[in-house]
Asks: 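Can you keep this structure in mind? I'll have questions shortly.
Lettering follows sequence order; numbering is per chain, from 1.
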Amino acid sequence: MQVRTRFAPSPTGFLHIGGARTALFSWAYAKRFQGRFVLRIEDTDVARSTPEAVQAILDGMHWLGLDYDEGPFYQMQRMDQYKVVIQNMLAAGTAYLCYCSKEELDALREQQMQQGQKPRYDGRWRPEAGKVLPAPPQDVPPVVRFKNPTAGVVAWDDLVKGRIEISNTELDDVIIARADGTPTYNFCVVVDDWEMNITHVIRGDDHVNNTPRQINMLNALGAKVPEYAHLSMILGDDGQKLSKRHGAVSVMQYDEEGYLPEAVLNYLARLGWSHGDDEVFDMQQFCTWFDLDHITPSAAQFNTEKLNWLNAHYIKTCDIGKLAQDIAKRLAQAGVSDAPPAQLASALQLYRERANNLNQLAQDIHFFFTLPQANAADVEKHITPETLPIVADFAQKLQTIDWTAEAIHAVMNEVVTTHQVKFPKLAMPLRVMLIGIAQSPSIDQVMMILGREASIARINAYLS
RNA sequence: GUCCCCAUCGUCUAGAGGCCUAGGACACCUCCCUUUCACGGAGGCGACCGGGGUUCGAAUCCCCGUGGGGACGCCA
């Protein structure tokens, strides 16, 4: 049997880190077993769903490289199917009309809460053998409810949490179609997972409570029940629950903040899942390893520092051409749009070793292409009456040498020796003059990339 | 309140009864490298929530506590 998974977000906001991980796991599971990965947009909440959110989700998945084999399917475009199924259920007696108003339901809920009971529908419109139903009110349009079994237990072997059993007495009759006729989430999921032949439902932990109801509906429809794998939630860096108000950010924001999708993907893969001691691996490797057995059932706290470490790794090892393209974009945002490609590549080759963030990297090499603003404290500390003559002597010799890091380095040694000072007496003021700050890779290499003309000009600006 | 779930270093995790004096990674600390800052290398600090069982033997199995989380919508 072919494995079929799906990612079914509701388009009420951007794709956040939790959703991204769910999508990643579903995607990887399908890949692992040469199955199919389906994207389904659950937009039946007309009031909250927006086209912008749909686009944001698509963008997020595209940035991460999570491609789908089928879809995107939109539930709002499948209304006809749902309605047919509802009619069939009504006819079969597995669903019924309920004329309770919202107000009535609210009152019931409140009363039950007060009495310390679990709030639930009391079944007043549920047809039962020998039971006399009230006359339907004229002014209340009915909803459709699923006739949930009243006895026995619903159980499934959750692929991450193990066996879960829930008594049917805990379950009430869910509304499967609203008063306006539109079907609700719990129902659409059932119909879609069934009709789309989903074999493995991998989704957030917050759906555990919906699962027994969905299984009951699947059974009522005579549909095969898929396997379920419920992923625990991801907590913020501070251990708090992520929400729109607190720390939940779009995956696209990671792009803006200087993260490579490879790093985010690798990080997410290891958040709640493991493969022995393996920490660094690409998605191709991941797709050969991923399984549901090694998913942790407990919640995981997001750790930005570890993400940073992975980001550094991928900045160091990614394709230089791709990196240059990305950095050029970021430089342009900072006002540098004419960086010579060869110089940019060299600068990146030198600086990528020490960066853990793309924005930082762009900022680090900014000085190659435009005059830096010197740090006053560094100027004061390193450009002194003592060092100035040393630099001047050095600048003099720069005119005629071969422009290679080795040659520059040799001249530096020479100057330092004749002046009988230690190497930093020359290197440090040079850094400040050329870069604006006192920290950099080997200054000879920096100069080599900066170029003879620019180097001499920047030094001379301090000598005159 | 009711139901469901979870519990190993600060964090992510390995661990399927003896391989565990509990392993790896991030972070942190020390040292080395060094032209400054990084990178890198070598070390170090640091955990099985508590209590009962079961067993020759428990981080691993069971029960009870405790703590955390989730769900109880004509939201998804």
Asks: Check every atom of rG70(B), rG24(B), rU13(B) against the side chain of D206(A) and return the nucleotide holding the closest atom.
Replies: rG70(B)
Asks: For K425(A), I'd like to know if atom NZ has over 12 heavy atoms of other residues, nucleotides or ligands within 6.0 Å.
Replies: no
Asks: Quiz question: by atom type and distance under 3.5 Å, do the side chains of T211(A) and R203(A) form a donor-acceptor pair?
Replies: yes
Asks: Specify the separation, in whole Å, of atom OH of Y228(A) and atom C1' of rC4(B).
Replies: 16 Å
Asks: Between C1' on rC28(B) and NZ on K306(A), what's the gap in Å once rounded to a whole number?
Replies: 15 Å
Asks: Among rG73(B), rU36(B), rG24(B), find the nucleotide with the atom closest to the side chain of P119(A).
Replies: rG73(B)
Asks: Identify all pairs in which a protein N or O lies below 3.5 Å from an N or O of nucleotides 59-65 of chain B, and state each distance.
Replies:
none

Asks: Touch check for L271(A), heavy atoms < 4.0 angstrom, all strands: base, sugar-phosphate only, or nothing?
Replies: sugar-phosphate
Asks: Tell me whether the side-chain N/O atoms of K241(A) come closer than 4.0 Å to OP1 or OP2 in rG70(B).
Replies: yes
Asks: Please work out if D444(A) contacts a base, only the sugar-phosphate, or nothing of the nucleic acid, heavy-atom cut-off 4.0 Å.
Replies: base
Asks: Can you see if the side chain of S440(A) gets near the phosphate of rU36(B) - specifically, an N or O under 4.0 Å from OP1 or OP2?
Replies: no
Asks: Using atom CD1 of I166(A) as one end and atom P of rC3(B) as the other, report the distance to the nearest whole Å.
Replies: 12 Å
Asks: Would you indicate which nucleotide in rU36(B), rA7(B), rC75(B) comes nearest to any side-chain atom of P297(A)?
Replies: rA7(B)
Asks: Name the residue closer to the 5' end of RNA chain B, choosing between L235(A) and I164(A) according to the nucleotide with the nearest heavy atom.
Replies: I164(A)
Asks: Does rC75(B) have OP1 or OP2 under 4.0 Å away from a side-chain N or O of T184(A)?
Replies: no
Asks: In whole angstroms, how far is the P atom of rC72(B) from the CD1 atom of I175(A)?
Replies: 13 Å
Asks: Tell me yes or no: between the side chains of N148(A) and N216(A), is some donor less than 3.5 Å from an acceptor?
Replies: yes
Asks: Does H275(A) put a side-chain nitrogen or oxygen below 4.0 Å from OP1 or OP2 of rA14(B)?
Replies: no
Asks: For N168(A) and rC72(B), what is the distance between atoms CG and P respectively, to the nearest whole Å?
Replies: 18 Å
Asks: Let's see if you can work this out: which of rC3(B), rA7(B), rG40(B) has an atom nearest to the side-chain heavy atoms of K316(A)?
Replies: rG40(B)
Asks: Across all strands shown, which nucleotide pairs with rA71(B) by Watson-Crick or G-U wobble geometry, both distances under 3.5 Å?
Replies: rU2(B)
Asks: Can you work out whether E279(A) or G272(A) has the more 5'-proximal nearest nucleotide on RNA chain B?
Replies: G272(A)
Asks: Checking side-chain polar atoms at under 3.5 Å, does T296(A) have a donor or acceptor matched by the opposite partner on S298(A)?
Replies: no
Asks: Please confirm whether the shortest side-chain N or O distance from S442(A) to OP1 or OP2 of rU35(B) is below 4.0 Å.
Replies: no
Asks: Side chain of R270(A): nearest nucleotide among rC3(B), rG24(B), rC6(B)?
Replies: rG24(B)
Asks: Report yes if the distance between the aromatic ring centroids of F290(A) and W273(A) is under 6.0 Å, otherwise no.
Replies: yes
Asks: Is there side-chain contact between L221(A) and W194(A), with heavy atoms separated by less than 4.5 Å?
Replies: yes
Asks: Looking just at side-chain N and O atoms, do E262(A) and N266(A) make a donor-acceptor pair shorter than 3.5 Å?
Replies: no
Asks: Within the 4.0 Å heavy-atom criterion, would you say P9(A) contacts the bases, only the backbone, or no part of the nucleic acid?
Replies: nothing
Asks: Using atom CZ of F302(A) as one end and atom C1' of rA27(B) as the other, report the distance to the nearest whole Å.
Replies: 15 Å
Asks: Base, sugar-phosphate or nothing for H230(A)? Non-hydrogen atoms, less than 4.0 Å.
Replies: nothing
Asks: Between D291(A) and Y29(A), is any side-chain donor less than 3.5 angstrom from a side-chain acceptor?
Replies: no
Asks: Between R178(A) and rA76(B), does any side-chain N or O lie under 4.0 Å from OP1 or OP2?
Replies: yes
Asks: Return the value, rounded to whole Å, for the distance between atom OH of Y267(A) and atom P of rA25(B).
Replies: 17 Å
Asks: Output the single nucleotide from rA76(B), rU11(B), rU35(B) whose closest atom is nearest the side chain of Q301(A).
Replies: rU11(B)
Asks: With a 4.0 Å cutoff (strictly under), does any side-chain N or O of R109(A) reach OP1 or OP2 of rG73(B)?
Replies: yes
Asks: Scan L271(A), L66(A), L64(A) and name whichever one has a side chain to side chain contact (heavy atoms under 4.5 Å, CB included) with L24(A).
Replies: L66(A)
Asks: Quick check for you: among rA76(B), rC3(B), rC12(B), whose closest atom lies nearest to any side-chain atom of K118(A)?
Replies: rC3(B)
Asks: The side chain of R48(A) lies closest to which of these nucleotides: rA71(B), rC75(B), rC39(B)?
Replies: rC75(B)
Asks: What's the closest nucleotide to the W309(A) side chain, out of rU2(B), rC26(B), rA76(B)?
Replies: rC26(B)
